[in-house]
Structure formats: structure tokens, C-alpha cells
Amino acid sequence: MEKSPARPVRARVAMVVALAVAGFHMIGTFFYTAPSTPATAEVGGPFTAHMRPYFGQSWRIFAPDPQTIDLRIWVRAAYDSPTGEQTMTDWVNLSEVFNAQVHHAVLPARTWRIPVSLHRYHSGALEDLSDTQQAVAFADHTGAEGREALRDALLGAGASVSTVESYQRAEDALYELGSNAAWVLWPDVAPGAVQMSTSTQGVVPFSERHTTGVQRPAESFVRLGWRAPLESTAAERAGFAEAFGRYVP
Amino acid sequence: MTSSTVATVRDYVSERVDAGLTWVTAARRATYGTSLVRLAFGVGAVVYLLVNFQNRHYLWGDAARWVSPRDANGGFGWPFTFFAGGSGATELTVKYLLLFVVACLFTVGWHTRWMAPAMLLLWTSLLESNPLTGDQSDNIFRILLFYFCFADIAGRWSLDARRRARRLATYGAPRPLGRLGSPTLNSRVSEAGTLVHNFAVITAGAQICMIYVASGLYKAQGARWQDGTAIFYPMQLSHYRPWPALNDLLVSNSFMVAAVTYFAVFIQLFFPLLLLRRTTRIIAIVGVLAMHAGIGLFMGLPFFSLFIMAGDCIFVRDSTFRGMEERVRQRFGRDRRPAGMADGPTARRTAAPETAGSRG
């Protein structure tokens, strides 16, 4: 063992200060990261302010149970054909293209997370709405006043102002992606409206993986209503095309 | 309890406390491990920036308005606002290249005491400007690098280390202030640096242990981790199967799936305990390195894996790294280090803390 030197007062004070700072932070980190217990509820509160946002962290990695569903985002657009007839495009699975960025890639670009994160973000906000309010979100709100009409309808269905704002932020993010996609995917037409859908599909359970002819469970869709396409700048279209177009199968 | 027993306990506690205080003051610990963190974080950041360069506008620039409804800079305020709000095309490119240059300088250990905080500010600003594309690798990088801003992460394999060795040869003692200050002041600064370095290492080590224990505790609550099938499921999802044939091969065997699933829970849950003895420490470190190498390869999360694996390296003793370094030098060529860096174990132990090695 290394020989213990005589320690001057300044060294002792420095050690006590360092120990106190590090100790406080470690205890705070423990309460913030560990699964919730009655003790966390009693004494963990004061540490939360210390931890956020800089030391914010969550280690529920594939836990308590790993995700067992694929999350997908779909888009389609409506436009007026040259003959004046209203036409709809087919649905396009945006997730398929972004997921392709991961396949056979040792170093995938971060863009692959976009549809997964947007799906979670929107689904979380949608779940905060009641069934009646969700029905409002599933209805069409097109035209220049569509966003305000959706807001009024949600408020009319009993949603609080904060809930409506929270939901519309999530929906805006989803429709921003969809609007960018619409402009890029169908460049020869001007979309008059965009419709988004999210979907989930489970995987074959472990116990059935070798079963002959086994199929994944049916895909479950959440169809939102038609909305006016959000404004999309040339930079946004170019950015989407760059992130998306190189991976179109 | 007899008075002799009390005295024995008191002596034991006193001895342990004294040993602990000596550990944090006598020399800088984990100098190789922390330097490896710098190299891994730096190389990882450089590669990350290169990989995402083509999509920078859609992720963080004026084409990223799709993320604006989500959050205001991930909840981060000044000074992490350098990239906030989506910069214009040219502005983003200039800022991005600035971060790239800082990451390169950080990697080679050029004036690291300034480059490390600069790296922290710019990197966090970039990633938090789009929280919708963040993942846990961002948290690991940000939190560990904060701790390591207080540590000497350029003690090995860096330009700073070469410069210090030249100063040591010139002045015969560490000169953290360069030409400034008296020898006494430089000595005091060096001692304070050693103390802060070691507490930073302890805090980073504790953080990594808490990551593993929390992850293990959460997993232990899950039915699929309990029945030994959990690792099968993520690899069925489109975005976590970069090599479908390889993924299917890995999960085709029930024994393999159960073994890897239980291994992941146990190695994480008992990681801190396994560190206490040398033999089990080797098992713990090799185990978590293997686990994260597998996650990086089989699940397409290379940056997450690299950053946490880098953190694991601080638990490897300096003497182990020193032995590996010597073997590599003997095998691949002559020693080109300046005289001050080519000292043997005895010389290191007697050198002042700034360049002192560690018996970790």
C-alpha cells in the first residue's frame, strides 16, 4: 500500500468538499436512475431538479420488456388531376424507407430514428385524448382554417387547452413530415390535402417461431383525418429528399 | 462488544479511510482508461459527424422544422444553444465543421483542458437541438464527458502528454501552468488537479455502475427477461435487424437465446460487485464489452455501444494497460516517445502526480 503522507488542512478541506459534491450527485443519480420505490417517492424528489435537464437519463433499455411491435408511419395525398378530378395517391410506408437505412449498415445515419420517434410522440399525445376527442382527430379538417377547426372541435369535445396544444404539437410534427414527403414523393402535383396513418404490427412469438406457415399478427392502423399540407420550404423538401430518396428500395 | 474489539474495528476503519484518502491524492488513477475514453469519444464523434454530414440540414438545420413543435432545444438552455432553432444552410455547415475540427483536436489531445468543454458544449448543442432523433448514447456521452472535463484525459497517447513530458524534462517537475507561476504554485495546482481527476474518475465509475444496475433491475422486472426470451424480440423489429440472416441465426437456438438473455441481466445487475476482485473484474469488464459489441453489431447501435464500452475502460488498471502497451511496443517497433514519457514503472511512481502513473 502507498505510504500515507501527512495532509495539510487545505488538502483535508478540499477532500471533504470534493466528497460532498460527488456524494450528493451520486445519491441524486441513484434515486433518479433506479426503478421507483417507496423510498424514491419520499426522498428522491429534491434530486430531480438537480438532475434535469443536463443529467437526465433513463436506462429502461429493452425493459421491463422489450418492444414487440414494429412502428410505422404512412402518408397519402389528395390532388386535383389536370381534368379537375380529385385524385388520391396510394399509401406510402415512410418507415420502410427509413428502416432501409439501417439494413446492412455498420454505421447508420441518425435519420433512421425519425419515424419511430414521431410514431411514439404522436401515439403518446393521442392516448391523452378521450375516445370522443380521438374521433375528432380521426375526422377531416382541411382548408386554410383546418388547424383552428381541429382545435375548436377538440375543445368542444371537452379537452383542456393544454391537452389540445400538446396534441396539436405532436400532430404538427407528424404532418410536417408527411407534407415534406408529399411534395417530394409526388413532385408533379400540388397536394391539396395530406392524410397520415400510424400502424403497429406484432412479431411472431418466440414459442411459435419454428411453426410452419406462421404469420405475424395483422397490422393495426390508426387513420388520422385529412389535413391541409403544411408549408414546406425548398430547403425542407431538399432535406427530406436527401434523407429519404437515397434509400428508396 | 469488548473494548479491544472496538479498537480493532476503529483501527480497521481508520486504515481503510486513510487508504482511500491516499488513493485519491497520491497519483492520478485510470490514466490509460480516461485517455481511451477521450480517443473513443473523439473518434466516435468524428465518425458520427461524417456519417450524418449529408443529412445535417434535415436533422439539425433549416430543413428540420418538422421537429420544432416537439420541444425547445430538448429543455436545454444557454450555453447549449449554439445549434438551437435550426441554422441556415451555410451557417449550419460552418458550425458543423467547427464541431468537426474541435472533435479532431479533442481526439488527438491538443490543449484538452479547453477542447473537452468546447466539445461538450458544441456536441450537446447539436444533439439536443433535435431531441426526436436522440438516444441513450447521447446521455452517456454528455454525462460522462461532463465528468471527464474535470479529469486529466490527455495523460496518455496525446499531444498534451508529449508537451508535458518535454516540460518535465526541462523543469524537472510538473508545470501545469507552463511558464507561469512559481514552482510551489505549480505543485499546488498539480496536487489539486490530481484530487479533482480522481473524484471525476470515481464519479464516472459510479455513474457507469448505476447505469448497469438500473438497467439490470428494470430487466429483472420483465416477464420476457425472466423466461429467457427477451433478446429474441428486438431483433424481430425492422430497425434493430441490420443483418437479418445473422440476427435470425443468433436467435434460432433456444439455448443461445436464454443464455444471452440471462447473461445480460446478471452481468449488469452484479457489475459493481464483480469489480471488487481481480478475477471477477475481468469477467465483468470482458462481459459488458462483449455484450455491447453484440448490441453494436447485431442491433445496429454502434455509437451507443462505443461510448459505453469506452466508459468501461476506466475500470481496467493502469498496470494492465501499461503491460499491453509495452508488449505492443516490443512487437511493433522502437520506442519514439520523448524521454519523459518512456520512463519505467519505478520512475513513474516517483514522479509528481501530473505525470504519475497509477497502480489503480
Side-chain angles (χ1 to χ4, degrees), chain A residues 1-2 4 7 11 14-15 18 22 25-26 29-30 33-35 52-57 59-68 70 95 99 102-114 116-118 121 169-170 172-173 176-177 180 203-204 206 233 235-236 238-240 242-243, chain B residues 18-19 21-22 24-26 47 51-52 54-55 57-59 61-67 69-70 74-76 89 132-133 135-136 139 142-143 146 192 195-196 199 202-203 206-207 210-211 214-215 217-219 221-225 229-230 232-234 236-239 242-243 257 300 302:
Chain A
M1 193 174 77
E2 290 162 72
S4 173
R7 296 189 183 86
M15 277 188 277
H25 180 67
M26 283 183 217
T29 303
F30 174 78
T33 56
R52 288 179 181 164
Y54 191 88
F55 297 106
Q57 52 193 297
W59 304 111
R60 299 181 189 199
I61 302 173
F62 307 118
D65 275 316
Q67 184 183 318
T68 58
D70 264 321
S95 301
N99 285 338
V102 178
H103 291 165
H104 301 122
V106 177
L107 298 166
R110 193 57 83 85
T111 42
W112 75 265
R113 288 196 67 87
I114 292 172
V116 174
S117 296
L118 275 180
Y121 180 36
R169 276 199 299 272
D172 285 347
E176 285 274 8
L177 182 79
N180 287 335
V203 302
V204 173
F206 180 78
T233 65
E236 287 173 308
F240 180 87
E242 184 62 50
Chain B
D18 198 55
L21 295 177
T22 301
V24 295
T25 55
V47 173
V51 165
N52 288 290
Q54 205 154 7
N55 293 320
H57 300 300
Y58 202 65
L59 286 168
D62 57 359
R65 199 175 46 148
W66 58 273
V67 78
R70 168 64 178 84
F76 281 72
L132 271 175
T133 54
D135 67 16
Q136 293 304 328
N139 292 337
R142 183 184 71 246
I143 293 170
F146 176 82
L195 182 73
V196 174
F199 269 100
I202 291 170
T203 309
Q207 169 71 61
M210 281 187 265
I211 289 173
S215 297
L217 286 172
Y218 281 118
K219 286 183 175 70
Q221 298 172 358
R224 291 194 171 87
W225 291 99
T229 64
F232 167 81
Y233 289 97
Q236 305 307 302
L237 304 180
S238 302
H239 52 279
W243 316 97
V257 171

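For clarity, every value in this text was computed on a predicted model and none was experimentally measured. All values below were derived from every heavy atom in this structure, side-chain atoms included, with hydrogens, water molecules and symmetry-related copies excluded. Below, read A as the first sequence line, B as the second, and so on, with proteins coming before strands; counting in each chain starts at 1.
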Student: Do you know the tightest heavy-atom contact between A/Ala14 and B/Leu195?
Tutor: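 A/Ala14 and B/Leu195 have their closest heavy atoms at CB-CD2, 3.6 Å.
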Student: At a heavy-atom separation under 4.5 Å, does B/Val196 approach chain A through its side chain, its backbone, both, or neither?
Tutor: neither
Student: For chain A, which of B/Ala223, B/Ala192, B/Gly61 has the most heavy-atom pairs under 4.5 Å?
Tutor: B/Ala223
Student: If you take all heavy atoms of A/Ala235 and B/Ala63, which pair is closest and at what distance?
Tutor: O-CB, 3.2 Å
Student: Which answer fits A/Ala18, side chain, backbone, both or neither, if we ask what part of it has an atom under 4.5 Å from a heavy atom of chain B?
Tutor: both
Student: Let me see the working for B/Gln207 and A/Thr29 under side chain to side chain contact (heavy atoms under 4.5 Å, CB included), right down to the final yes or no.
Tutor: CA-CA 7 Å; B/Gln207 169 71 61; A/Thr29 303; 3.5 Å; yes
Student: Once the angle between the rings of B/Tyr58 and A/Phe240 is folded into 0 to 90°, is it parallel (under 30°), tilted (30 to 60°) or perpendicular (over 60°)?
Tutor: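 Judged by the thresholds at 30° and 60°, the geometry between B/Tyr58 and A/Phe240 is perpendicular.
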Student: Show your reasoning for whether side chain to side chain contact (heavy atoms under 4.5 Å, CB included) applies to A/Leu107 and B/Val47.
Tutor: CA-CA 9 Å; A/Leu107 298 166; B/Val47 173; 3.6 Å; yes
Student: Give the minimum heavy-atom separation between A/Pro53 and B/Phe76, together with the two atoms involved.
Tutor: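 Nearest pair, atom of A/Pro53 first, then B/Phe76: O-CZ, 3.5 Å.
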Student: Can you name the salt bridge (charged side-chain N to carboxylate O under 4.0 Å, His left out) partners of A/Arg110, sequence neighbours left out?
Tutor: B/Asp135, B/Asp138
Student: Chain B heavy atoms under 4.5 Å from A/His103: which part of the residue, side chain, backbone, both or neither?
Tutor: both
Student: Apply side chain to side chain contact (heavy atoms under 4.5 Å, CB included) to the pair A/Phe62 and B/Trp225, showing each step before the final yes or no.
Tutor: CA-CA 9 Å; A/Phe62 307 118; B/Trp225 291 99; 3.9 Å; yes
Student: If I measure from the heavy atoms of chain A, does B/His239 come under 4.5 Å with its side chain, its backbone, both, or neither?
Tutor: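 Backbone plus side chain of B/His239, per the 4.5 Å heavy-atom cut-off to chain A.
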Student: Minimum heavy-atom separation for A/Pro35 and B/Leu217, please, with both atom names.
Tutor: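 For A/Pro35 and B/Leu217, the tightest heavy-atom pair comes out as CG-CB, 3.6 Å.
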Student: Could you tell me whether a side-chain N or O of B/Asn139 sits under 3.5 Å from a main-chain N or O of A/Gln57, the two making a donor and an acceptor?
Tutor: no
Student: Return the option, out of A/Ala11, A/Ser117, A/Gly239, A/Pro64, with the maximum number of heavy-atom pairs under 4.5 Å with chain B.
Tutor: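 Max contact count across the listed options: A/Pro64.
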Student: Tell me, side chain or backbone of B/Ile211 under 4.5 Å from chain A's heavy atoms, or both, or neither?
Tutor: both
Student: Below 4.5 Å from any heavy atom of chain A, which atoms of B/Leu237 appear? Answer side chain, backbone, both or neither.
Tutor: both
Student: Mind checking the OG1-CD spacing from A/Thr68 to B/Gln236? Nearest 0.5 Å is all I need.
Tutor: 10.5 Å
Student: Using side-chain heavy atoms (C-beta onward) and a distance below 4.5 Å, is B/Thr133 in contact with A/Thr111?
Tutor: no
Student: Can you tell which part of B/Ala89 gets under 4.5 Å to a heavy atom of chain A, answering side chain, backbone, both or neither?
Tutor: neither
Student: Need one label for A/Val106: side chain, backbone, both or neither, based on atoms under 4.5 Å from any heavy atom in chain B.
Tutor: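 Looking at A/Val106, backbone and side chain both touch chain B.
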Student: For the aromatic rings, using the six-membered ring if either is Trp, is the centroid distance between A/Phe55 and B/Phe146 under 6.0 Å?
Tutor: yes
Student: Shortest non-hydrogen contact from B/Gln136 to A/Trp59?
Tutor: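 Shortest heavy-atom separation between B/Gln136 and A/Trp59 comes out as OE1-CZ3, 3.5 Å.
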Student: Assess whether side chain to side chain contact (heavy atoms under 4.5 Å, CB included) is satisfied between A/Glu236 and B/Arg65, documenting all intermediate values.
Tutor: CA-CA 8 Å; A/Glu236 287 173 308; B/Arg65 199 175 46 148; 2.8 Å; yes
Student: Of all of B/Val24, B/Ile202, B/Asp62, B/Leu59, which one pairs up most often with chain A through heavy atoms under 4.5 Å apart?
Tutor: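 Option with the top pair count is B/Leu59.
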Student: Atom NE2 of A/His25 and atom CD1 of B/Ile143: how far apart are they, to the nearest 0.5 Å?
Tutor: 7.0 Å
Student: Might you point out which heavy atoms bring B/Phe199 and A/Ala22 nearest each other, and give the distance in Å?
Tutor: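 Taking B/Phe199 first and A/Ala22 second, the nearest heavy atoms are CD2-CB, 4.0 Å.
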Student: Just jot down the side chain to side chain contact (heavy atoms under 4.5 Å, CB included) partners of B/Ala206, sequence neighbours excluded, or say none.
Tutor: A/Met26, B/Met210
